Every structure is written in structure tokens, then in C-alpha cells.
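Scroll down for the structure; my scribbles are underneath it.
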Amino acid sequence: MPSIADQLSAALGDAFASLELPRELGRVTPSKQNPEVFPFQCNGAMPAAKQAKTNPRELAGKLVEFLHGLPQIGAAEIAGPGFINLRPAEHLYSERAAEIAADERAGADVVETPRKVMIDFGGPNVAKPMHVGHLRSSVLGDSLQRLFRFRGDEVVSDIHLGDWGLQMGHLITELEDEQPDLPYFDAAITDGYPSEPPVDIEDLARLYPQASAKAKSDEARLERSRAATAELQAGRPGYRALLKHFIDVSVAALKKDFGALGVHFDLWKGESDADPLIPGLVEDFKARGVAEESDGAWVVRVAREGDKKELAPLILVSKTGAALYGTTDLATILDRKQTIGPDLTLYVVDLAQSDHFEQVFRAAEKAGLAAEGALEHVKFGTVNGKDGKRLRTRDGGTFRLADLISSAIQRADERLKEAGLAADVGAEEHDRVARMVGLAAIKFADLQNYRTTNYVFDLDRFTSFEGKTGPYLLYAAVRVKSLMRRAEEAGVKPGSIQADAAEERDLVLSLDAFGAALDQACENRAPNTICDHAFTLAQAFSKFYSACPILSAEDDVVKASRLALAQATLKQLELCLHLLGMEAPERM
RNA sequence: GGCCCCGUAGCUCAGCAGGAUAGAGCAACGGAUUCCUAAUCCGUAGGUCGCGCGUUCGAAUCGCGCCGGGGUCACCA
């Protein structure tokens, strides 16, 4: 059974069709005008009348006339220039509520034709620890993979490690300066390297910035890194062995970090995995004339007729013979095409890289590696401090993601203690709850804004249990869980739902809107509509909860009905939390 | 300078497949608890939707031009 809104849309669609007008005009939306009397409205009569050059009110009159006989319609009226206000038929509330209550998916549909969707996100760099910039990609990407999967698409996520290119040359040469005697640097030695890595994660974190800073002011130093990069890419055994150590050390640390964040990847591939495909890809591009020579480099021209912006060519092979960022990305697209064959690939990467992806996508399309529109840059803005500028540490450095997370968990812990929550559950459980609250605070704060906006990071606000926050939603879910436990103790069982009170109806309508919220989140590749839905639902429940006694209701039938509503709400709320990468504890 | 993103209530942000009187949260003010977790609920106040012009019966939403903030512009990733 479709949602109430969809049933009304279908009815309106029929009405339009009966007048030989497009069904799409029948789209019904929630009404803000007078929702108690007419919760929905349809605005299609006005554009239709415009097109047909007739009077909109007259047209609306015909539509309403058609609606009168239909079983879904409780009432319909014309208002203003041609708005059609709608009230669903009485029986729809309890029918739809019963269905949501019985449905594992809480009323959300699956997609008609599942696609294979590749999601590339996270993108941490082997050479450096994760910083705030990785937060959005990770949180957003993870939510998107959960969402697409839930909707029935086949999803493959890939962390796409930054383990190739100049940064590796920096690491190698900087390590050589510190420990020149290591066998990796002796070109005469080509085998039998130590199995223990020569560095740990802190070394990596130190070496890269050192080298990068030197290279900025010292051209010769930069050239050394470039040369080392070229040698690495050419296959010098000692450098390859070092690369493997770097990756291993880094991945071990990253798995810990992402595990703590609750973020999962199907594939832990990196840029270096695409390397074997590069020579063939380059030859192919040259042979087919996709690439051409320019100033000693090989480039793919991607500018198009009628472009507003002047898009520079993508550099496939630099004049020193090195593969660049774009080359690796193209080879990765080829790799994925051969091994996975995605219908759609989403790159969850910050919007500063818009031009880069535009180049890569165009080059891929030009070369026939991907269909037009099959590659998509899901861009997002920056995380700012209260000053409105990029979030920095007090001394102006970049904020480590690990520090950010631990400070959120610590703040959550303080909040819990202030409120006397999660007090009698034991220290271990308390810490677990604090972790859930802290992560929920960060994730919800990140996801509730539309992804392209830059948002201000304010831990005090995010960790509050009041208002539109992750902790509020967790608490709302916990309250219902607690209610369900009490019901069980009292031997009360959920029964058939009868939505009579205004608060009960509003709650049903809120539950009904779940699918639409997911549709929109999917379409926009932005989970903020899920955040919004979860919050609206929690609010609708709060109103219901304060207005309609459940366990203390006098009538057993009412009691069972309201408990069923509470149970359905909990299920849908937990699904929302899950899709946002959050989890509510049993008690708080 | 070209291009991209952003500009909505005191603050943080939704809304932008054109639709009625522009929303939420926080902060402010007033009220509600013998009752299932008051971290709640009810109410009040708060707006030239950056500015201007245009398209339209109708513009926060679409187009053009400005202003302000951020980003980006071929051999880094």
C-alpha cells in the first residue's frame, strides 16, 4: 500500500488524466495553510490552466468533481486562485498506520530498478592523519551508502586511499634523509627487505609536512621528491617495498579510526592499485587520439563548445613522465568498469575539487570509459569555526579528526553527567553511551545541513539534548524504548491502530512521510531531509506522548492502539538513525 | 579577471521541480507537571529572504546586472 500522500497523488493524477492532462500535475504536497482541516494540497490546476489557457478555478472545479466519488478522498475544496485542498478519507489513517507498524521497512519502498552504485568516499591520505576535512566525506558517504543500500540498490563503497603521487616521493626522500642506511635506499639491493615497517603512524604524520614545507621554498628538494615519485612509479623495488610499509601502517591506523566512527568500506583500495592499468590506458588514449601532446606532456582536452568556464586540459602524463592525480582517477574508473561495472559512481569529495572532477569525468566520457552522467561529484562545503573561517586548532594547525571525535565524546560525557543520565548503568556502559551520544552529535550536525553549505562547528550546541540535535533524537528513541519495556512488564501488547486524536493523526501523517524524505535524500544525494524527517517525527511523537496517555489510558483498546503507534514510531526512528550512521542505546 | 559555492529571524540553519500569511532549532518572554524519563509540551515576540531590474496571474525559488564572504583557475593530491 502506497503512502497516503501517494494515494492522494494517484487520485489527483487520475483526475488530471480524465481531462487529458499530464498525471504529474496531480502531485500532492503537505499543506501549511490549514493542516488540521486539510493536511494536503495540490497546486497542479494553475499551471495546467495556464498551459491550456483556461480558467484555473474552473479547471480545479472539474478536478474536484472527479475526486468526489473516490474512496481515498475525505474532502476536497478549491481555494484561492485554484489550489485544491485535500483531506484523506478517514479509514486511510488506521490502514496506513497498521501497514507501517507491520512493515520491517516502516513504510519505505524499494527502488523499482536497482542499480549498481559505486560510492567513493573517505579518501584519507597515507601520508597524513585524517583531519576535519575528512569528517564530511566520511559521514556523508557512509550515510549515502546506507541510504542507497536500504533503497535496494547494490552498493560498493571504496575508501580510495591517497597512496600515490608526489606525496609518496616526499615520504621516501624525507625518510632517506632521516635514516639513509635503510636498505630501501640502496639501489643495489632489490630483495629481502625487512618485514617490520621502518616507521609508525606518528613518523608518517611528521615526515610529510616536513618534506612538503621544505619543497615549498626549495626547488631542488621538490625535484628530489619528484624524481623519487617517478622512480617509485617506474617500479624501483626498494621504493615499492617502502610504499607497502607506508600503506600497511596507515591502513591499520585508519581501520581503527573508521571503526571508532562506525564507518564501513567494502573496498580498501587506493590510487596505487590503479597503477598497473596506467600504461595501457595511456597507450590507448594516445592511439585513439583521446590524448595529445602539449609542451612535452600528454593531455586530454576537455573544453567544450559553449562552455561558460575555460576548463584546462587534463594532464595525463607530465613532462617528466609521471602519472598525475587525474591519470590515476581515470585508471581507477577503468578498473571499476572492468571489475565492478557500476551504473553510477558517486565521488563524495569537497567542492574545492569541482574542476578536477569535471575534467576527469569529461575525459572519461570522451574516452568512452563511462556513460554521460554516470559519474557524479557529490560535493560538500567546509567545516568552519565560530569565526566563520575554516576550523583550526588554537595554534592555527589543522584539526585532527581523532581529536575532534574524542572531544565530542568527552563533551557528551559531561552532558550526561550534568543531566544525571546513564548514571546507574556501570562505568563501561556509561562510556559506551557517551560515545554514541558524542558521535550522534557530530554526525547529525554535519548531515542536517544541505551538503554544499559551509557550517559552523559548535560542540556545545551539537551535544545539547535540547533542540534539533543528534542527542535529542537518541534520547527520544530511548524514551520510547523505555516505554516499550514498561509496557512489556505491565503485560500490555500493541494492538490495532485507531488514530482519533489530532496528535495521533499528526503522528500517522509524520510516519507516512518517511518514504518521501528518503526519495528526496536519494535524489539530492543529501541526507539532510532524513535528519529533518527524524526530527519532525520525534516532535510529533512528543506531542502525541504528552497529549495521549498510553499505559495510563483507561480503555484497553486505546492503550493497545497507542502502544502500537509508539512501536511503529520507534522502528521508523531507529531506521532513520541507522541511515544517518547513528545508534541509540537501550537506556540513558 | 574568468568560473564555482554561499548570502533567509539576534545566532545556527531548512525551504529553492515558482504557489496561499516564508519555517525549524537555539536565545528572549509568558504558561503547563498528583500522570508512562520536564532533556518535554502549549503560547508570545522576532523577517526590505544581500541589492536592483526582468519573466509570470504569482518569485526566497527562474533570468540578467551589481554588492559581500569563501573556493578555484594545466604539470600537488
Side-chain angles (χ1 to χ4, degrees), chain A residues 24 27 29 31-34 41 43 46-47 49-50 56 79-83 85 123 125 127 162 164-167 169-170 212 215 222 225-226 229 271 294-299 307-320 322 324-326 328-329 350-356 358-359 379-382 384 386 388-390 415 418-421 445 448-450 452-456 458 461-462 464-469 471-472 475-476 478-480 482-483 486-487 490 492 523 528-529 531-532 535-536 539 542-543 545-547 549-553 562-563 566 587-588:
Chain A
E24 299 78 63
R27 196 171 67 98
T29 54
S31 175
K32 283 157 261 175
Q33 214 47 221
N34 190 3
Q41 69 181 73
N43 302 332
M46 290 171 290
K50 187 185 218 166
F83 298 102
N85 290 329
N125 210 308
W164 204 236
L166 184 68
Q167 44 173 340
H170 276 326
S212 172
L222 179 61
S225 290
R226 281 195 180 135
T229 306
E271 294 170 335
S294 169
D295 293 335
W298 284 87
V299 303
D307 274 354
K308 267 189 174 176
K309 57 187 165 189
E310 280 176 45
L311 205 56
L314 179 139
I315 295 172
L316 196 65
V317 183
S318 79
K319 59 187 170 195
T320 60
L324 267 39
Y325 187 27
T328 315
D329 275 357
D350 81 283
L351 57 80
Q353 298 192 43
S354 297
D355 285 354
H356 165 73
E358 188 70 42
Q359 289 177 318
K379 51 188 94 172
F380 55 83
T382 56
N384 294 341
K386 284 180 195 167
K389 303 226 169 115
R390 245 170 234 271
R415 291 278 196 178
E418 281 167 22
L421 282 173
Q448 72 160 316
N449 305 321
Y450 186 72
T452 53
T453 40
N454 306 334
Y455 73 93
V456 175
D458 181 348
R461 190 156 59 78
F462 297 169
S464 170
F465 281 89
E466 281 172 47
K468 197 171 180 179
T469 68
Y472 167 84
Y475 183 70
V478 166
R479 277 171 78 192
V480 190
S482 164
L483 173 73
R486 281 178 173 271
V492 182
E523 249 171 65
N528 65 315
T529 50
C531 294
D532 214 58
F535 185 69
T536 307
Q539 275 188 320
S542 268
K543 286 178 193 179
Y545 184 73
S546 64
I550 302 171
L551 299 180
S552 49
R562 288 178 178 169
L563 190 62
R587 289 162 211 276
M588 209 186 262

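Protein chains get the first letters and strands the later ones, always in sequence-line order, with residue 1 at the start of each. Small disclaimer: the values here were computed from a predicted structure and weren't measured.
The CZ atom of A:Arg486 sits 12 Å away from the P atom of B:C35 (whole-angstrom rounding). Separating the OH atom of A:Tyr472 from the P atom of B:A38 is a distance of 12 Å, rounded to the nearest angstrom. Separating the CG atom of A:Leu483 from the C1' atom of B:C35 is a distance of 13 Å, rounded to the nearest angstrom. Between the NZ atom of A:Lys468 and the C1' atom of B:A27 there is a distance of 17 Å, given to the nearest Å. For A:Glu466 and B:A38, the CD to C1' distance is 10 Å, given to the nearest whole Å. Following rounding to the nearest Å, A:Phe83 (CZ) and B:U21 (C1') show an atom-to-atom distance of 11 Å. Counting to the nearest Å, the C1' atom of B:G23 and the CD atom of A:Gln539 are 11 Å from each other.
Side chain of A:Leu351, nearest nucleotide from B:C5, B:C36, B:U12: B:C5. The side chain of A:Ile550 lies closest to B:C36 when the candidates are B:C36, B:U40, B:U37. If you check B:A74, B:A77, B:G18 against the side chain of A:Leu166, the one that comes closest is B:A77. The listed nucleotides are B:A74, B:C75, B:A14; the one nearest the side chain of A:Ala297 is B:C75. Closest to the A:Asn449 side chain, of the nucleotides B:G19, B:C13, B:G70, is B:C13. Picking from B:A77, B:A74, B:U37 the nucleotide with the shortest atom distance to the side chain of A:Glu271 gives B:A77. Proximity note for A:Tyr545 (side chain, C-beta onward) versus B:A17, B:U37, B:G71: the nearest is B:U37. With B:C75, B:G70, B:A24 as the choices, the nucleotide that has an atom nearest any side-chain atom of A:Leu324 turns out to be B:C75. Candidate nucleotides B:G19, B:A24, B:G15 were compared by shortest atom distance to the side chain of A:Tyr450, and B:G15 ranks first.
When every heavy atom of A:Leu311 is checked against every heavy atom of A:Gln359, the shortest pair comes out as CG-CG, 4.0 Å.
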Can you name the atoms? Protein N/O to nucleotides 28-34 of chain B N/O, anything below 3.5 Å, with the distance.
none

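A donor-acceptor contact under 3.5 angstrom links the side-chain atoms of A:Asn85 to the base of B:A20. No hydrogens or angles were tested; on distance alone, a donor-acceptor pair under 3.5 Å links the side chain of A:Lys50 to the base of B:G58. Within 3.5 Å, no donor on the side chain of A:Tyr455 pairs with an acceptor on the base of B:U12, nor the reverse.
Between A:Asn85 and A:Asn34, the closest side-chain pair of non-hydrogen atoms is not below 4.5 Å. Between A:Leu314 and A:Leu324 there is no side-chain heavy-atom pair separated by less than 4.5 Å.
Between B:C4 and B:G10, the two C1' atoms lie 31 Å apart (nearest whole Å). Between the P atoms of B:U61 and B:G15, the separation comes to 15 Å (whole Å). Across the C1' atoms, B:A27 and B:G71 are found 32 Å apart, a figure rounded to whole Å. As rounded to the nearest Å, B:A9 and B:G47 have P atoms that lie 10 Å from one another.
With sequence neighbours excluded, the residues satisfying side-chain contact (heavy atoms from CB on, under 4.5 Å) with A:Thr382 are A:Asn384, A:Arg390, A:Asn454. With sequence neighbours excluded, no residue forms a salt bridge (charged side-chain N to carboxylate O under 4.0 Å, His left out) with A:Arg479. In this view, A:Pro549 and A:Ser552, A:Arg562 satisfy the side-chain contact (heavy atoms from CB on, under 4.5 Å) rule, not counting sequence neighbours. Under the side-chain contact (heavy atoms from CB on, under 4.5 Å) criterion, A:Arg461 pairs with A:Asp458, sequence neighbours left out.
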Inset, instruction - With pairs defined as Watson-Crick or G-U wobble and both distances under 3.5 angstrom, please note down RNA chain B as a dot-bracket string, | for pairing with another strand. - result: (((((((..((((.....[...)))).(((((.......))))).....(((((..]....))))))))))))....

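In this structure, CZ on A:Arg27 lies 8.5 Å from CG on A:Asn43, to the nearest 0.5 angstrom.
The side chain of A:Ser354 contributes no N or O atom lying less than 4.0 Å from OP1 or OP2 of B:C4. The phosphate of B:C6 (OP1 or OP2) has a side-chain N or O of A:Thr452 nearer than 4.0 angstrom.
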